[in-house]
Number of protein chains: 2
Amino acid sequence: MIIEQMSIDEQRVAIFKALADPTRLQIVRTLYQNKKEMSCGEVGEQCEVSKSNASYHFRTLREAGLTTLRKDAQTKYIQLNTETFDKYIPGFLDTL
Amino acid sequence: MIIEQMSIDEQRVAIFKALADPTRLQIVRTLYQNKKEMSCGEVGEQCEVSKSNASYHFRTLREAGLTTLRKDAQTKYIQLNTETFDKYIPGFLDTL
DNA sequence: ACAGTAGTTAAATAGTTATTGAACTAATGA
DNA sequence: TCATTAGTTCAATAACTATTTAACTACTGT
């Protein structure tokens with residue numbers, strides 16, 4: 001389901017589900033600490049996750065509205081969507 | 001596993017898992033809006049959840065450190081553990 | 001055109017989670 | 001003592017989730 005079509009509580013559930021996994025928490029922390037966008041490959045390498053598993057987790061984060069994607073040729077760059085964090089869990093990123 | 005024995009990230013995962021459910025979100029909101037402790041029965045009734053299902057959700061929240069329990073004879077009173085919220089997701093309760 | 005790079009998708013599998021109903025414990029009050 | 005109240009536990013079930021491997025798409029540089 002598209003996040004914009006969800007009720008607020010459904011969005012909250014999607015966000016908490018997305019963060020309720022050690023690998024995705026690690027991905028979020030990596031993106032937060034790097035301060036700027038990173039390619040999928042860079043993130044996957046730093047978090048020691050296989051390509052396909054990383055892709056799965058990236059999708060979960062993106063579908064929860066926690067990240068955004070920029071495409072440049074064959075490379076995709078991921079960035080935290082701070083709007084979503086600020087709206088639903090303000091202050092969380094600073095606890096990482 | 002006991003929450004105190006978990007790594008910080010394991011605690012985060014337990015907390016996000018606990019909040020990644022519409023029924024438990026409703027329970028947390030009910031407890032937050034009531035401002036004071038409530039009996040299990042009161043919460044279950046307001047959230048329209050069966051006794052046994054409510055008990056299951058109460059345990060999940062308690063094991064994540066999100067609530068505390070006070071026993072008085074046959075009644076148990078639940079309260080939000082604001083320490084945990086403040087430590088891991090400061091500001092979250094005010095978004096409810 | 002072709003080998004290499006970057007990432008997605010699909011199928012299979014194992015493990016986890018939410019819900020229900022019935023049986024249970026423990027305290028209350030007539 | 002006995003019925004009632006408050007909540008827990010257990011077993012069964014259905015649905016969902018994370019991981020792996022292999023096959024795939026699409027773009028790049030020679």
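Side chains are part of it too, since the values below use all heavy atoms of this structure and drop only hydrogens, waters and symmetry mates. We name chains A, B, ... by the order of the sequence lines, and we start the count at 1 in each one.
Closest heavy-atom contact between R29(A) and L96(A): CA-CD1, 4.0 Å. Considering all non-hydrogen atoms of both residues, G44(A) and F58(A) come closest at N-CZ, 4.3 Å. Heavy-atom minimum distance, R24(B) versus A18(B): NE-O, 2.6 Å. Scanning both residues, A64(A) and I3(A), for their nearest heavy atoms gives O-CD1, 3.4 Å.
Going from atom NZ of K51(A) over to atom P of dA23(D) covers 14 Å, rounded to whole Å.
Heavy-atom distances under 4.0 Å link DNA chain D to K17(A), D21(A), T23(A), R24(A) of residues 14-42 of chain A, given in residue order. Within residues 52-81 of chain A, the residues approached by DNA chain C to less than 4.0 Å at the level of any non-hydrogen atom are S52(A), S55(A), R59(A), Q74(A), T75(A), K76(A), in residue-number order.
D72(B) contributes no side-chain N or O that, together with a main-chain N or O of T75(B), makes up a donor-acceptor pair within less than 3.5 Å. Without hydrogens or angle criteria, T67(B) side chain to Q79(B) main chain gives no donor-acceptor distance under 3.5 Å.
Each of D86(B), T68(B), L66(B), L61(B) was scored for a side chain to side chain contact (heavy atoms under 4.5 Å, CB included) with N81(B), with one residue passing: T68(B).
Below 30°, between 30° and 60°, or above 60°: for F92(B) and F85(B) the angle between ring planes is below 30°, a parallel geometry.
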